[in-house]
Amino acid sequence: MNNYVVMVIINPKVSKRKLSIIQRGIVETVNKTAQIQNVYDLGKNELEYPTKKFKEGYHLKIEIQAKSKKIEELKGTIKLNKNVIFSMVIQGHKVENTLSKMIKEYREGLARLPKNHQESITKKVYMLVTKNPYYPEIENKTLAMSDNKNKIIQACMEEIKKYIYKKGYYTVKNFKRIRDIENELGKILRVDLFSKDNKDEVTQFAIEERVLI
């Protein structure tokens, strides 16, 4: 059994009464092929780019455990629902509720590749997440996703600079230069920062490799 996250966007034009029925139906469908861990109704959110001509949609996230051979069956069943305008399954434990941005950045990177190479790239992606290493039970926040590792490293460095220069955070390892921080990130794919006002307030930036199913 592996951990997966199912992310679904539902047609924004459905009524609230019908929405409840659709969501319940999706959860029941998932439950037939997987063990559901958590379900998050994320409400109606604006999309970063149009999907099937819609600029917003109802977001639903389901954390599951399932056998890998069941995932293709699950994906196919969800896509049969005419009220679902987009769905995606990501292998991993937790993914923050930023589906629209993740899809946009991933597709932009994919669109730059030759068509005959796109299918082979769709499996591996890198995700930039923030977390508190002292409180692992708190859900991670995903800031960006791309198939380009260097692009994610640069995105991470921009976020780290904001924490250092605007919020007054320090690196736990007490680096003196930004270049040293970037070298550390390139080696172990994570950097820990703490607030100068509260050393127990730690923010970890991490780059995680995931498989997009």
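For this chain, numbers begin at 1 and follow the sequence in order.
M1 CE to S68 OG: the interatomic distance, rounded to the nearest 0.5 Å, is 10.5 Å. Separating the CD1 atom in I21 from the CD1 atom in I26 is a distance of 12.5 Å, to the nearest 0.5 Å. Here CG of N150 is found 9.0 Å from OH of Y126. Values are rounded to the nearest 0.5 Å. The line from CZ of F54 to CD1 of I85 is 6.0 Å long, rounded to the nearest 0.5 Å. One finds the CG atom of N2 at 11.0 Å from the NZ atom of K67 (value rounded to the nearest 0.5 Å). Distance CG/N3 to CD/Q35: 10.5 Å, rounded to 0.5 Å.
Shown here for V5 and E63, the closest heavy-atom pair between the two residues is CG2-CG, 4.2 Å. Annotation for A66 and T33: closest pair CB-O, 4.0 Å, computed over non-hydrogen atoms. Here the shortest heavy-atom pairing between I9 and G57 reads CG2-CA, 3.8 Å. Closest of all the heavy-atom pairs between S87 and K79 is OG-CG, 3.9 Å. Counting all heavy atoms, side chain and backbone alike, E56 lies closest to P12 at O-CG, 3.1 Å. Nearest heavy atom pair, residue G186 against residue I153, reads CA-CD1, 4.4 Å.
The side chain to side chain donor-acceptor pair (under 3.5 Å) check on E73 picks up nothing, with sequence neighbours excluded. Partners of N183 under the side chain to side chain donor-acceptor pair (under 3.5 Å) rule, at least two apart in sequence or in another chain, do not exist in this structure.
Under a 3.5 Å cut-off, the side chain of N45 and the backbone N or O of G43 do form a donor-acceptor pair.
Between V6 and L60 there is no side-chain heavy-atom pair separated by less than 4.5 Å. Taking 4.5 Å as the limit, every side-chain heavy atom of K161 sits out of range of all side-chain heavy atoms of K166. Between H59 and M7, every side-chain heavy-atom pair lies at or beyond the 4.5 Å cut-off. Side-chain contact between N83 and K18 is present, with heavy atoms from C-beta onward closer than 4.5 Å. Residues Y58 and V14 form a side-chain contact, since some pair of their non-hydrogen atoms from C-beta on lies under 4.5 Å apart. For the pair I22/N11, no side-chain contact is recorded, criterion being any heavy-atom separation below 4.5 Å from C-beta on.
The local environment of NZ in K13 is sparse, with at most 12 non-hydrogen atoms from other residues, nucleotides or ligands closer than 6.0 Å.
In this structure, I160 is a member of the same hydrophobic cluster as Y165, with clusters built from ILVMFWY side-chain heavy atoms closer than 4.5 Å.
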Could you give the side-chain donor-acceptor pairs of residues 168-180 under 3.5 Å, partners two or more places apart or in another chain?
unit_1	atom_1	unit_2	atom_2	d
Y169	OH	E201	OE2	2.6
T171	OG1	N174	N	3.3
T171	OG1	F175	N	2.8
K173	NZ	E184	OE2	2.7
R177	NE	D180	OD2	3.2
R177	NH2	D180	OD1	2.9

